[in-house]
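Notes follow once the structure below has been shown.
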Number of protein chains: 2
Amino acid sequence: MSERHNRRSPYTIDVVLLTQIKGQLDVLLCRAPPPEGREKWALPWETPRNDESLDGAARRIAKAALGAEPGWLEQIAAFGDGKRHPGDFEISVAFGALVAMGTPSPVGGSYAWFPLGDVPQLFPRQRQMLDGAMSMVRSRMDQEPVAFGLLPQMFTLTELQQTYELLLEKRLHKASFRRALQAAWLVEPIDEWRSEGRGRPAQLYRYAPRKRRPAQRGIRLDLAAAR
Amino acid sequence: MSERHNRRSPYTIDVVLLTQIKGQLDVLLCRAPPPEGREKWALPWETPRNDESLDGAARRIAKAALGAEPGWLEQIAAFGDGKRHPGDFEISVAFGALVAMGTPSPVGGSYAWFPLGDVPQLFPRQRQMLDGAMSMVRSRMDQEPVAFGLLPQMFTLTELQQTYELLLEKRLHKASFRRALQAAWLVEPIDEWRSEGRGRPAQLYRYAPRKRRPAQRGIRLDLAAAR
DNA sequence: TCAATAGTGTCTGTTAGACATTATGGA
DNA sequence: TCCATAATGTCTAACAGACACTATTGA
């Protein structure tokens with residue numbers, strides 16, 4: 001065997017696993033995966049196996065950390081630039097993934113969820129990945145219905161709206177949100193209701209996208225304006 | 001010196017250089033950069049030098065191929081998955097770049113511009129990169145004013161609209177386009193006109209973005225609908 | 001003069017956001 | 001009963017798209 005095809009891959013795959021816990025976005029971190037002193041947390045990472053696709057490796061690593069496969073997974077970018085990484089590899093390919101809220105977590109063990117506002121210090125390269133994951137997810141929102149990756153099979157429209165608000169980082173108008181939702185044919189009511197403390201029970205919905213002709217209206221040049 | 005820090009980088013940087021020629025998008029290809037038989041074209045690529053950032057390497061490669069630096073350059077993604085590449089490296093990090101139309105081309109030599117509809121057969125991995133570049137540029141359009149990267153310093157509003165139409169792959173309404181442009185504070189008229197054959201001469205503009213409060217209106221959930 | 005392109009004003013149907021109202025449960 | 005939340009109807013200002021019109025050049 002040639003040296004080239006036998007050696008371990010000269011790069012790592014790192015996965016940013018995101019979920020929604022108590023109205024906040026959380027990221028899954030692992031306690032110092034390779035032997036690394038003191039209290040240090042890191043994104044799950046590994047080197048890919050032989051002849052494994054990038055996506056495939058990312059899925060495998062996510063599954064190993066989480067116990068289940070994430071609903072949505074996409075590459076963020078390659079990172080390097082001399083920034084430190086738990087492994088000593090020149091570059092790392094980062095993936096972002098969304099986990100349905102309520103998915104049984106890797107209890108105890110060396111994994112834990114951290115709210116985005118309260119993430120411990122990471123290796124600089126992984127810190128970049130986390131930031132990249134957030135902007136990637138946010139920018140994908142207007143191209144695919146990403147929010148459903150954070151929700152369980154059944155959800156209320158209020159939960160769905162809260163997830164959108166969490167990702168967009170802004171409040172949405174209830175009536176407008178529901179009208180837009182109806183126009184987009186993304187969800188379908190099911191014959192079940194959930195009572196949340198006081199108030200009228202909310203009907204449950206499920207994600208059931210229907211094919212549509214692409215939206216006609218809108219140039220939306222405003223969004224492309226200067227910062 | 002350790003073997004790790006002395007060896008050549010185990011990955012490549014590939015650059016998708018795009019420009020606008022005669023109302024079409026063109027990509028810059030290089031005639032078989034490493035000794036490779038027959039008539040074969042490839043995206044410009046190289047391995048990064050020691051301690052060079054990913055962006056820096058991409059800029060250097062772009063400049064080597066083009067003679068000038070591209071106005072806009074951004075990472076697309078890492079590609080691998082066993083797809084063939086002109087170099088025999090496990091992965092490649094691809095960058096997309098926009099070149100102002102009219103930039104003096106690398107005349108003769110081993111470089112040439114190819115219209116997107118008429119690209120010769122590429123190495124599979126580089127074909128993926130080209131497709132990735134296109135969808136990346138298109139998806140960035142509603143986040144930053146990407147179109148100006150394809151235009152020279154001075155341009156007419158009709159040229160600007162044609163560039164938008166080229167990138168969006170659809171016709172735009174003239175009056176609406178100009179209204180949106182005015183609202184976005186992206187351009188500024190200069191005291192110069194250009195006569196293009198018949199008709200009334202068009203005023204020239206230049207890119208001069210002004211800071212604005214983010215657009216208020218629009219949930220635009222439609223765009224996130226099912227395909 | 002006509003032809004061709006640049007640039008602008010007005011109208012109309014659509015819709016985001018605001019507001020108000022009804023519906024339905026728990027305390 | 002009062003309160004809290006769900007869900008929906010109506011109004012209005014903003015705006016995308018259509019159309020028509022004026023402006024200014026070359027042929």
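Each chain gets a letter, A, B and so on, in the order the sequences are listed, and its residues count up from 1. As a basis for the values below, the full set of heavy atoms in this structure was taken, side chains included, without hydrogen atoms, waters or symmetry mates.
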Round to a whole Å and report the spacing from CG of L181(A) to C1' of dT8(D). 15 Å
Which whole-number value in Å describes the distance from L157(A) CG to dT5(D) P? 16 Å
Atom-to-atom span, OH of Y205(A) to P of dA6(D) - whole angstrom: 12 Å
OP1 or OP2 of dA6(D) versus the side-chain N and O atoms of T158(A): is any pair under 4.0 Å? yes
Mind checking whether Y207(B) and F148(B) have parallel, tilted or perpendicular rings, split at 30° and 60°? parallel
For Q203(A) and dG25(C), give me the distance from atom CD to atom C1', rounded to whole Å. 15 Å
Partner set under side-chain hydrogen bond (donor to acceptor under 3.5 Å, both in side chains) for Q162(A), not counting sequence neighbours: none
In whole Å, I'd like the distance from the CD atom of E159(A) to the P atom of dT5(D). 14 Å
Looking across every strand, which nucleic acid part, if any, lies under 4.0 Å from E196(A) by heavy atom: base, sugar-phosphate, or nothing? nothing
Got a sec, which residues hit side-chain hydrogen bond (donor to acceptor under 3.5 Å, both in side chains) with R60(A), two or more places apart in sequence or on another chain? E46(A), E52(A)
Looking at residues at least two apart in the chain, or sitting in another chain, which of them share a side-chain hydrogen bond (donor to acceptor under 3.5 Å, both in side chains) with E192(A)? none
Using atom types as modelled, flag every donor-acceptor pair under 3.5 Å from a side chain in residues 195-202 of chain A to any protein atom, sequence neighbours excluded.
none

What is the distance, rounded to the nearest whole Å, between atom CG of L160(B) and atom C1' of dG7(C)? 15 Å
Test side-chain hydrogen bond (donor to acceptor under 3.5 Å, both in side chains) applied to E159(B) - qualifying residues, sequence neighbours left out: R194(B)
Find the distance Q182(A):CD to dT8(D):P and express it as a whole number of Å. 8 Å
Expected string for nucleotides 18-27 of chain D under the B/S/- scheme (protein heavy atoms, under 4.0 Å, primed atoms plus P, OP1, OP2 as sugar-phosphate) is B----BBBBS
In whole angstrom, what separates Q161(A)'s CD from dT8(D)'s C1'? 14 Å
